[in-house]
Amino acid sequence: MGGRGTFASGNNVAYSYETVDKIHGVKVLKGINGKHSLPEEAHSSRAYIKLKPDGTFHEIRIYDKDRYLVKEIAYHPEPNLTGNRHENVLHVHEYKRDNFGDRPARSLTQEEYRKYKKYFKGVPNQ
């Protein structure tokens with residue numbers, strides 16, 4: 001799958017990801033050819049998951065009906081929430097269509113944790 005869709009100026013885009021697994025029906029993607037992050041736009045799903053090299057959950061990206069990224073839940077250091085760069089913490093980034101760069105981290109709500117915890121493979125209970 002291409003990172004931002006399947007065509008660019010009418011030409012096929014090289015695949016940037018491969019599906020390596022599924023967790024509760026959500027595709028687990030792995031970047032290829034040096035690609036490390038998940039896509040900014042979905043190609044065939046409403047969500048994608050990325051795992052750390054040891055198989056632990058790293059992030060899930062959730063897309064709207066038009067396949068644009070709206071929410072990312074991640075498990076890695078977020079100094080703005082923990083005060084350090086070493087402690088992994090579950091957190092959320094919400095994306096706005098009109099300002100993709102404005103996505104400050106916030107803690108998950110209890111409702112978000114309950115809804116998404118089945119995807120948090122290897123993450124200690126919160």
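Values in this document were obtained by computation on a predicted structure and should not be read as measured data.
- Applying the salt bridge (charged side-chain N to carboxylate O under 4.0 Å, His left out) test to residues at least two apart or on different chains, none of the pairs has a partner in residues 48-58.
- Listed by chain and number, the residues in a side chain to side chain contact (heavy atoms under 4.5 Å, CB included) with K22 are K27 (sequence neighbours excluded).
- The cluster map of Ile, Leu, Val, Met, Phe, Trp and Tyr, joined by side-chain heavy atoms under 4.5 Å apart, puts V92 and Y63 in different clusters.
- Placement of V26 and L108 within a single hydrophobic cluster is found when ILVMFWY residues are connected by side-chain heavy-atom separations under 4.5 Å, directly or transitively.
- Put simply, the side chain of Y17 gets close to the backbone of S37: a donor and an acceptor are under 3.5 Å apart.
- Contact check for Y113 versus S107: no side-chain heavy atoms found under the 4.5 Å cut-off.
- Remark: E87 pairs with no residue by the salt bridge (charged side-chain N to carboxylate O under 4.0 Å, His left out) rule, at least two apart or across chains.
- What you find for Y68 and E41 is that their closest heavy atoms are CE2-OE2, 3.4 Å.
- Residues that satisfy the side chain to side chain contact (heavy atoms under 4.5 Å, CB included) test with K115, not counting sequence neighbours, are absent from this structure.
- What you find for K30 and V20 is that their closest heavy atoms are CB-CG1, 3.8 Å.
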Practice prompt. Would you check, one step at a time, whether the test side-chain contact (heavy atoms from CB on, under 4.5 Å) holds for K65 with R46?
Written response: CA-CA 7 Å; K65 64 180 177 57; R46 293 288 298 267; 4.1 Å; yes
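- D21 is linked by a salt bridge (charged side-chain N to carboxylate O under 4.0 Å, His left out) to nothing, counting only residues two or more places apart in sequence or in another chain.
- Under the ring-ring contact (aromatic ring centres under 6.0 Å, His included) criterion, Y116 pairs with no residue at all, not counting sequence neighbours.
- Closest approach of Y75 and P124 over heavy atoms only: OH-CD, 3.3 Å.
- Every residue meeting the side chain to side chain contact (heavy atoms under 4.5 Å, CB included) condition with H86, not counting sequence neighbours, appears here in chain and number order: N84.
- In the hydrophobic cluster analysis, where Ile, Leu, Val, Met, Phe, Trp and Tyr join through side-chain heavy atoms closer than 4.5 angstrom, I60 is grouped apart from L38.
- Side-chain heavy atoms closer than 4.5 Å link hydrophobic residues (I, L, V, M, F, W, Y) into clusters, and following such links, even through other members, never connects L29 to I62.
- I49 approaches Y119 most closely through the heavy-atom pair CD1-CD2, 3.7 Å.
- In this structure Q110 satisfies the side chain to side chain contact (heavy atoms under 4.5 Å, CB included) test together with R114, sequence neighbours excluded.
- Taking every heavy atom of both residues into account, N88 and P77 meet most closely at OD1-CD, 2.9 Å.
- Shown here for L69 and E40, the closest heavy-atom pair between the two residues is CB-O, 3.2 Å.
- With sequence neighbours excluded, the residues satisfying ring-ring contact (aromatic ring centres under 6.0 Å, His included) with H91 are H76, H93.
- Every pair passing salt bridge (charged side-chain N to carboxylate O under 4.0 Å, His left out) that includes a residue from residues 66-75 is listed here, sequence neighbours excluded: R61-E72, D66-R97, K71-E112.
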